[in-house]
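Worksheet: one structure, shown below.
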Number of protein chains: 2
Amino acid sequence: MSNSAKILLVEDDDNLGFVIQDLLKVEGYKVHLRKDGKEGLMQFNQEDYDLCILDVMMPKKDGFSLARDIRKINAHIPLIFLTAKSMTEDRVEGLRIGADDYITKPFDSEEFLLRVKAILKRSQKEEESTDSSAVYEVGAYQFDSDNFTLKYQSEERQLTKKESEILKLLCQHTDKVLEREIIANMVWGDDSYFVGRSMDVFITKLRKYLGSDPRISIVNIHGVGFKLQVED
Amino acid sequence: MSNSAKILLVEDDDNLGFVIQDLLKVEGYKVHLRKDGKEGLMQFNQEDYDLCILDVMMPKKDGFSLARDIRKINAHIPLIFLTAKSMTEDRVEGLRIGADDYITKPFDSEEFLLRVKAILKRSQKEEESTDSSAVYEVGAYQFDSDNFTLKYQSEERQLTKKESEILKLLCQHTDKVLEREIIANMVWGDDSYFVGRSMDVFITKLRKYLGSDPRISIVNIHGVGFKLQVED
DNA sequence: TCATGCTGTTAATCTAATGTTAACCCGATT
DNA sequence: AATCGGGTTAACATTAGATTAACAGCATGA
């Protein structure tokens, strides 16, 4: 995953600082927390970061001042400002320096994380150049669920919509049991005898399609459901 | 130069729409204003834009819905949403779609322009790599979508506008599935039985036009859409 | 071990989607 | 008004995909 991004967080309030740090760490980011602008700048010089999140109001050196210094060193690193109020002057000043985003406290953590994610994604254009289509690696196969294609070496098979939907579910649950009932409701929107039988037909097809790699198996758990397994 | 950026503005309120349009025009941007999501989508299909500014609340098709359709055609174009309130759910939804910014009405015009400028500046680097020429290479054909011409060796065929629009969409999605619904909404502005049938007629025509190069195929994905493929 | 309900598999069947051609419609042009 | 270009609608043919059927193994618990 591209989640190993390194983030420098500069926030003087200990409580808020730790909360934000945790939020980000849970998402898999590497986070370094510093408590004022001066320390923040020193830390920034120590390592290469992908993103800086700066509190505006801080002792020693405020967020804008820090941001200007950071910009002198790195003109392109994404910056997010945190501010207590939504003062327009603050916002404009931040944008002038080149903020990529601007978040007012208190903030919604889900929104905050989405913004961080969006900004990191934007700055990682080379890595994301694959157009973010959902491609699953299944053994030696690549399954593109958006384009309904299943590739094995040089061969590419066009799957149907339903085949794709089912395979996608299986991929998302690799090594976990997927209950028949779940598949039925997700794909057909209801669960009945014939839906079940139809599902079995699809499972047979998918097994056939995936047959070239013997490490792959769609295992039946009697009376419960199926499990996609890939041995290594 | 940077200021010739083309902006698509979709805003149903006439007054606000004109105000924003003027603001942007004064800055030297080329701005096209449309009044609802449906018209916005069709206009988006007509030209290449550098930025879209979308009102969230609109008749016919709201800003989010429009944004999702736009994203399917162009995964990277910057999007700015305008919203009356700062509803958190709205913000989160917007970010999920991939908003680059989010502006609540009423807004400060200076801030607004700075944001627009910042976003355009950011996306400019990527543009350099993007070929701005409207000529697509399709196998042994050259398709000039601006001039509606399709060349094969020495022969040049004049396409109609609709033929061009559809072929352009297909070209932009080479090797990817293009949903019928998207084509219908992009080209016709609505999706109905007869639009679908008309589309099939066009597909037949395009297949005929492209028939000289056997490596080219417009593949149908049953119940989903079409995919332009060029084997190598 | 038997009985019974599940599952695997293949093939027949049904239906909606698509392919194709031609007739039709309608606005623009002569 | 006649023609033309372009698109839509109609009509019919064809096909693809999903469902249903049929039958053959299996698994599991009594």
Side-chain angles (χ1 to χ4, degrees), chain A residues 145 147-150 157-170 177-211 216-229, chain B residues 42 45-46 145 147-150 156-170 177-211 216-229:
Chain A
S145 68
N147 295 306
F148 311 150
T149 56
L150 185 62
R157 181 195 296 272
Q158 251 318 317
L159 301 184
T160 69
K161 192 177 175 183
K162 273 221 163 70
E163 288 166 354
S164 286
E165 287 181 44
I166 296 167
L167 183 52
K168 185 178 174 186
L169 275 182
L170 287 167
V177 177
L178 233 193
E179 292 170 39
R180 297 180 70 94
E181 192 200 359
I182 300 288
I183 302 176
N185 284 317
M186 293 285 255
V187 177
W188 279 267
D190 94 312
D191 188 8
S192 67
Y193 173 75
F194 286 119
V195 161
R197 293 323 333 266
S198 202
M199 179 160 86
D200 289 325
V201 173
F202 278 100
I203 293 291
T204 295
K205 280 190 199 154
L206 289 176
R207 282 181 175 138
K208 200 174 289 172
Y209 300 164
L210 293 168
I216 303 173
S217 54
I218 299 177
V219 184
N220 172 255
I221 289 88
H222 199 88
V224 183
F226 297 94
K227 185 169 75 169
L228 175 63
Q229 268 183 341
Chain B
M42 291 182 75
N45 194 37
Q46 295 303 309
S145 68
N147 298 308
F148 308 159
T149 56
L150 185 62
E156 178 172 302
R157 180 195 297 272
Q158 198 44 250
L159 300 185
T160 69
K161 187 173 181 197
K162 274 222 161 65
E163 287 166 353
S164 283
E165 286 184 43
I166 296 167
L167 184 52
K168 184 178 173 188
L169 279 179
L170 286 167
V177 175
L178 186 58
E179 293 168 40
R180 296 180 71 94
E181 193 200 356
I182 296 290
I183 302 177
N185 284 320
M186 284 281 186
V187 178
W188 280 268
D190 94 311
D191 188 8
S192 67
Y193 174 75
F194 286 118
V195 161
R197 292 326 328 268
S198 201
M199 179 161 92
D200 289 325
V201 173
F202 279 99
I203 293 289
T204 295
K205 281 189 199 155
L206 289 176
R207 282 181 176 138
K208 202 172 290 171
Y209 300 164
L210 293 167
I216 303 173
S217 54
I218 299 177
V219 184
N220 171 255
I221 288 88
H222 200 91
V224 183
F226 297 94
K227 186 170 75 167
L228 176 64
Q229 266 183 342

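Order of the sequence lines sets the chain letters (A, B, ...), proteins ahead of strands, with each chain counted from 1. The structure presented is a predicted model; accordingly, all values stated were derived computationally and were not measured.
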B/His222 atom NE2 is separated from D/dA18 atom C1', nearest whole Å, by 9 Å
Closest-nucleotide 5' rank along DNA chain C - winner of A/Gly225 and A/Lys208: A/Gly225
Which one, C/dT9, C/dT18, D/dG6, comes nearest to the side chain of B/Asp200? C/dT18
Atom CD1 of B/Ile203 and atom P of C/dA17: how far apart are they, to the nearest Å? 17 Å
Test side-chain contact (heavy atoms from CB on, under 4.5 Å) applied to B/Lys162 and B/Val187, step by step: CA-CA 7 Å; B/Lys162 274 222 161 65; B/Val187 178; 3.9 Å; yes
For A/Thr160, report the nucleic acid contact type (base, sugar-phosphate, nothing); a contact means any heavy atom under 4.0 Å. sugar-phosphate
How long is the line joining CG of A/Leu206 and C1' of C/dT9, in whole Å? 14 Å
Expressed in angstrom and rounded to an integer, what is the separation of B/Arg207 atom CZ from D/dT14 atom P? 16 Å
Euclidean distance, A/Asp190 CG relative to A/Glu181 CD, rounded to 0.5 Å: 11.0 Å
In whole angstroms, the gap separating P of D/dT8 from CZ of B/Phe194 amounts to 12 Å
Nearest whole Å is fine: how far is D/dT8 P from B/Glu163 CD? 11 Å
Please work out if B/Val195 contacts a base, only the sugar-phosphate, or nothing of the nucleic acid, heavy-atom cut-off 4.0 Å. nothing
Got a sec: does the NZ of A/Lys161 have more than 12 other heavy atoms crowding it under 6.0 Å? no
Checking all strands, does A/Phe226 fall into the base, sugar-phosphate, or nothing category for heavy-atom contacts under 4.0 angstrom? sugar-phosphate
Report yes if a side-chain nitrogen or oxygen of A/Thr204 is closer than 4.0 Å to either non-bridging phosphate oxygen (OP1 or OP2) of C/dT9; otherwise report no. yes
Please pick, from C/dT7, D/dT9, D/dG7, the nucleotide with the shortest atom-to-atom distance to any side-chain atom of B/Val201. D/dT9
Cationic N near anionic O, under 4.0 Å, A/Lys205 to A/Asp200: no
For B/Ile221 and D/dG17, what is the distance between atoms CD1 and P respectively, to the nearest whole Å? 9 Å
Name the closest nucleotide to the A/Lys162 side chain, picking from D/dT28, C/dT18, D/dA18. D/dA18
Length of the line joining A/Gln158:CD and D/dG17:P, which is rounded to integer Å: 9 Å
Less than 3.5 Å between a donor and an acceptor, one on the side chain of B/Arg197 and one on the base of D/dG7, is that the case here? no
Starting at CZ of A/Arg157, measure out to OH of A/Tyr209 and round the result to the nearest 0.5 Å. 5.5 Å
Earlier contact from the 5' end, DNA chain D, for B/Asn220 and B/Phe202: B/Phe202
Any A/Trp188 side-chain nitrogen or oxygen under 4.0 Å from OP1 or OP2 of D/dA18: no
